[in-house]
Number of protein chains: 2
Amino acid sequence: MSSQFALNDVEVALSPQERFDEYLQSRGKRITQQRRVLVEHVFSRHEHFDADELMDALSKSTAKQAGGAQVSRATVYRGLEELVEAGLLRKMSLDGRAVYEHDYGYPQHDHLYCQQCQKLIEFQSQELTQLREEVAKEHNFRVTGHRLIVTGVCQSCATNRHRRLSPVDLI
Amino acid sequence: MSSQFALNDVEVALSPQERFDEYLQSRGKRITQQRRVLVEHVFSRHEHFDADELMDALSKSTAKQAGGAQVSRATVYRGLEELVEAGLLRKMSLDGRAVYEHDYGYPQHDHLYCQQCQKLIEFQSQELTQLREEVAKEHNFRVTGHRLIVTGVCQSCATNRHRRLSPVDLI
DNA sequence: CTCGGTGCAAAATCTTTGCACGCGA
DNA sequence: TCGCGTGCAAAGATTTTGCACCGAG
């Protein structure tokens, strides 16, 4: 494979950066330093994040390398919206806060959400997609997507909780 | 049946009002006019609502009947939190806004969410509960609940959209 | 009487927007 | 050069909190 990028499970023809450029050009939007930096950071690691965490990451990296462009909060919000538009990111709401995750070149999945440590654990289920279609058909509903979040306590939190119940934990 | 209340599909021994009183007493909290009015309105109709809609409903009814107590915004928020605590309401986040629905005496279900008219359509699926357990077991995850929202376009919106595309529709 | 409850207003969060300047195409 | 993009600050939207007074138990 020559220009094939492997993002986790799925292979796609273009890198996120290229894919975004394509999106921008198709809309007559411009490829700026800020948008470039944004995509670079967002796809440097596969993880869930919110606007604030991205801001932190951006400010930290720009502090190190003099060449890094500054990206204001407003631009981060505007950029994240574009990335969702472009199909690179998926947006979800958790406890009233917007959380993002990779979508481009990444398979459909859902989440287990630990109420103790706020961690998101991904899982896939093709049965769910099937179930989704059945329900939709019953209600003459045209599906565009879905979001399933199973809440509870993850293994490590359950373990730690059993070992010690110090008052400090209860915050 | 003597003191049996039928809230939709399930029968419970106490009315929401009574159930809430019980909760309050068990916590040493007081049964006030505001809390009473709150519960009364919340359970007068089975529908999804947010804090603002409840505020509207409250102000409208108090305007009519002189006896109705005023309930401030802060108290509404505090009250809704208690109702969730008490297991009478379920809270979910939709587009970053908190939305509530009846939980007490109401069966587990999930939702179809119309992105066009913001309507929530309920549906039940026992397969989902099953699927949920399987996934949890795989990840050694202790489940406390789940939330599935299937997004798309409802039947009526799909129909209307086809018939006319007046600019007025686009808010 | 005694606290918990309430209203009011201010604060806290998170996100969006108006505007003048700067930079990509 | 031309106009979109950006930063800044201010506005918005939603929810939470501090405080003095009120009222349920």
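Basis for what follows: all heavy atoms, side chains included, without hydrogens, waters or symmetry-related copies.
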Which nucleotide, [options], lies nearest any side-chain atom of [X]?
X     : options               : answer
B:R35 : D:dA9, D:dG18, C:dG5  : C:dG5
A:I31 : D:dG7, C:dA25, C:dT15 : C:dA25
A:R73 : D:dG25, C:dT15, D:dC4 : C:dT15

Point to revise | Side-chain donor/acceptor of A:D95 to backbone N/O of A:R97, under 3.5 Å | key: no

Exercise for review: Could you tell me whether A:F43 and A:H102 have their ring centroids closer than 6.0 angstrom?
Suggested key: yes

Review point. Do B:Y106 and B:H109 have their ring centres less than 6.0 Å from each other?
Key: yes

For atom [atom1] of [X] and atom [atom2] of [N], their distance in whole Å:
X      : N      : atom1 : atom2 : value
A:Y100 : C:dC14 : OH    : P     : 13 Å
B:D95  : D:dT14 : CG    : P     : 11 Å
A:R97  : D:dA13 : CZ    : C1'   : 16 Å
B:E82  : C:dG4  : CD    : P     : 13 Å
A:F20  : D:dG5  : CZ    : P     : 10 Å
B:R78  : D:dG18 : CZ    : C1'   : 10 Å
B:Q34  : D:dA24 : CD    : C1'   : 11 Å
B:Y77  : C:dT6  : OH    : C1'   : 17 Å

Point to revise | Note, A:Y100 side chain near A:L54 side chain (heavy atom, < 4.5 Å) | key: no

Review point. Closest nucleotide of DNA chain D for B:Q25 versus for B:A98: which of these residues is on the 5' side?
Key: B:A98

Check your understanding: Relative to the 5' end of DNA chain D, which residue comes earlier, B:K29 or B:G96, by the nucleotide with the nearest heavy atom?
Key -> B:G96

Point to revise | Base D:dG25 to side chain B:R30, donor-acceptor N/O within 3.5 Å cut-off | key: no

Exercise for review: Confirm from the modelled atom types if B:R27 and C:dG4 form a donor-acceptor pair under 3.5 Å, side chain to base only.
Suggested key: no

Practice item. Nearest-nucleotide wise, let me know which of A:V99 and B:V76 is further upstream toward the 5' end of DNA chain C. Key: B:V76

Ignoring backbone atoms, test whether [X] places a side-chain nitrogen or oxygen under 4.0 Å from the OP1 or OP2 oxygen of [N].
X     : N      : value
B:T32 : D:dG23 : no
B:T75 : C:dG7  : yes
A:S72 : D:dT6  : no

Practice item. Would you kindly say whether B:Q115 and A:T144 are connected by a side-chain donor-acceptor distance under 3.5 Å? Key: yes

